[in-house]
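This chain uses plain numbering: 1 for the first residue, then up along the sequence. For clarity, every value in this text was computed on a predicted model and none was experimentally measured.
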Amino acid sequence: MDFIRKKFFILFLSVYFLIGSINSLNTGISFDENYEELNWKFHVSFVQELTSKFISGKKIDKENLKSEAKRFVGYGVGFQLISQPIQFFLTKLLKKNNQIDELGIKLLSKHFVIFLFFFISGVFFYLILKKIIDSELFSSLGTITYLTFPYLFGQSMFSPKDIPFLSVWLMCTFFIFKLFEKLILQKEIKNKDILLVSLFTAFLLSIRIAGILIFIQYLLILLLFLNIYKKKFLDFIKIFYSKLILFIFSLILITYLLNPIFWIDPLFLIDSIQINASHFNNVGTNTFGKIMYSNDLPSTYLPIWFFVKIPLLIIIGIFLIPFSEKSIFKQKKRSVFFGSILITTFLIPLLLIFRKVHLYDEIRQVMFLVPFIFILGLVSIFTISRKIYYSLILLTISFFIIENIKINPYQYVWFNLPSRLIDLTSKFELEYQGISGREIANYISKNENESLCILANPVHTVKPFLNNTNFNCYDIWQKIDTDFKRPFLAVQHVRNIKKSLPYNCYEIYQSSFKLFFHKKSFVTGKLLKCE
């Protein structure tokens, strides 16, 4: 029976990978993607300039370079070192489609790499579940639920920072679990085990410097291990001091290698943490009917967004933890692994709230906690009743698959069932990434006068998909209320979607979708004609 289940799971993964890969290349381009490409170009020119000055013996103006680097500080090149070679080959294949321009093809090619990272994260999600509950069926169904969750699946089609960050965090978690499992079983800790943890941790820090938060999780695992297995901290240090030195040294070395900005000043690492914790842009996110600004977030911001984004099945499991924790914590090894995930999941949001870290765009910056929340809910329900677990999870997977098909490509806007009782369209931030630009561009190419200018913000969400047309005039949305020459077309999406119709403009097309059990349609973008 287990053999058949494994075969089915492998078949699901194969079909899922194929569908996801194709879908990722047919999704629109998001707001942040061009910035991510600029980040790579900056680092390439940055390294070239440093190398050139070093070879020629010219003095390096550190302060000037640091000033230039501040725009991209906190984001290294780890993910790009993997994505760029894959993009290079994919770009050659996609260039056969002359409907998309060169920039669009370059950005779309990254979509596949982002989805690949998410797919791999599913494998690590499965392995982590297996370490907590040694059941093939439990782990397989839990992983299918995770991979088909519309919100994360939608993000995996385009999100160049959040999904790779989430994926590598899961990889780090698995490797640290594997290391501590060896400690628990009193097996030899090899240098390669240490190097794997340091490599993936450094890789995490290179995607986003906020990865430094994972040391909270590492510390919690250590403390739980020492407490549950009655080990003394000083004795642990005496035995493993050489391994700890190896970990720290390799972590620092790889971190600096993957973050070229730190080469000019190692202490710039500290500045980057401070800069990223206090985001310069005071973004306002509509949260339960109130615009909450990133520079002054109330403590309710994260709890509200988690409550409307996390699936009902997982919420039920979380609320059942007080009733399942006795069974869960009966086993020592499970106590270390599950306990570290449990405390990390609650402690990090509390720390972010207490430190007043600037957050925006719902739960993007804490998306890496969603897999942990899934693990907590799934383990909790399974521990209480296997029958209830299998019944609810099969219903949930079926619902996820149907809704993924129904609302594609806007899955990342997804809200859970309890939240659909309220008017989500007026109470919450919706399509803030501009994915609708591709759909609107397709309409423009078939129905509009090619001599008209097109205003949009950002332009790169629309322009790449009009490559085989004669449209050659583009400008930013902000010029819509100026004396810009009329008539023109204007793409109203991202946060501009909330604004009323500008002077002498009228709507000629609208992109939208509708969730099950919710009365109103979600408008994702509008095409205006201004005369």
[X] ring center near [Y] ring center (under 6.0 Å):
X: Y218; Y: F215; value: yes
X: F149; Y: W414; value: yes
X: F117; Y: F79; value: yes
X: F31; Y: Y432; value: no
X: F115; Y: Y16; value: yes
X: W305; Y: F428; value: yes
X: F158; Y: Y412; value: yes
X: F124; Y: F175; value: yes

Next item on the list: Would you name the heavy atoms of S250 and S198 that are closest together and state the gap between them?
Entry: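 S250 and S198 have their closest heavy atoms at OG-OG, 2.9 Å.
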
Checklist line | Exercise: identify the closest heavy-atom pair between I221 and S340 | finding: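 Minimum heavy-atom separation between I221 and S340: CG1-CB, 3.4 Å.
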
Checklist line | Whether E431 side chain and I435 backbone form a donor-acceptor pair below 3.5 Å | finding: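 Between the backbone of I435 and the side chain of E431 there is a qualifying donor-acceptor contact (under 3.5 Å).
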
Check: For E362 and T285, does a side-chain donor sit closer than 3.5 Å to a side-chain acceptor?
Finding: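 There is no such pair (donor and acceptor under 3.5 Å, judged by atom type) between the side chains of E362 and T285.
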
So that I can tick it off, tell me whether [Y] and [X] are bridged by a salt bridge, with the cut-off set at under 4.0 angstrom between side-chain N and carboxylate O.
X: E188; Y: K243; value: no
X: D134; Y: K130; value: yes
X: D235; Y: K232; value: no
X: K520; Y: D423; value: yes
X: D193; Y: K187; value: no
X: K110; Y: E36; value: no

Notebook entry, point to check: Taking C-beta and beyond as the side chain, do F516 and F399 meet within less than 4.5 Å on heavy atoms?
Noted result: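 A side-chain contact exists here, since the closest heavy-atom pair is under 4.5 Å.
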
Checklist line | Separation between CD1 of I393 and CD1 of I381, rounded to the nearest 0.5 Å | finding: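 Here the interatomic distance stands at 8.0 Å.
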
Within 45° cone and under 6.0 Å: [X] NZ/CZ vs [Y] ring:
X: K309; Y: F415; result: yes
X: K406; Y: F513; result: no
X: R208; Y: F165; result: yes

Next item on the list: Mind running side chain to side chain contact (heavy atoms under 4.5 Å, CB included) on Q155 and F118 for me, showing each step along the way?
Entry: CA-CA 9 Å; Q155 294 280 355; F118 181 64; over 6 Å; no

Checklist line | F225 and its ring-ring contact (aromatic ring centres under 6.0 Å, His included) partner, picked from F180, F177, F233 | finding: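 When F180, F177, F233 are each tested with F225, the ring-ring contact (aromatic ring centres under 6.0 Å, His included) holds only for F180.
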
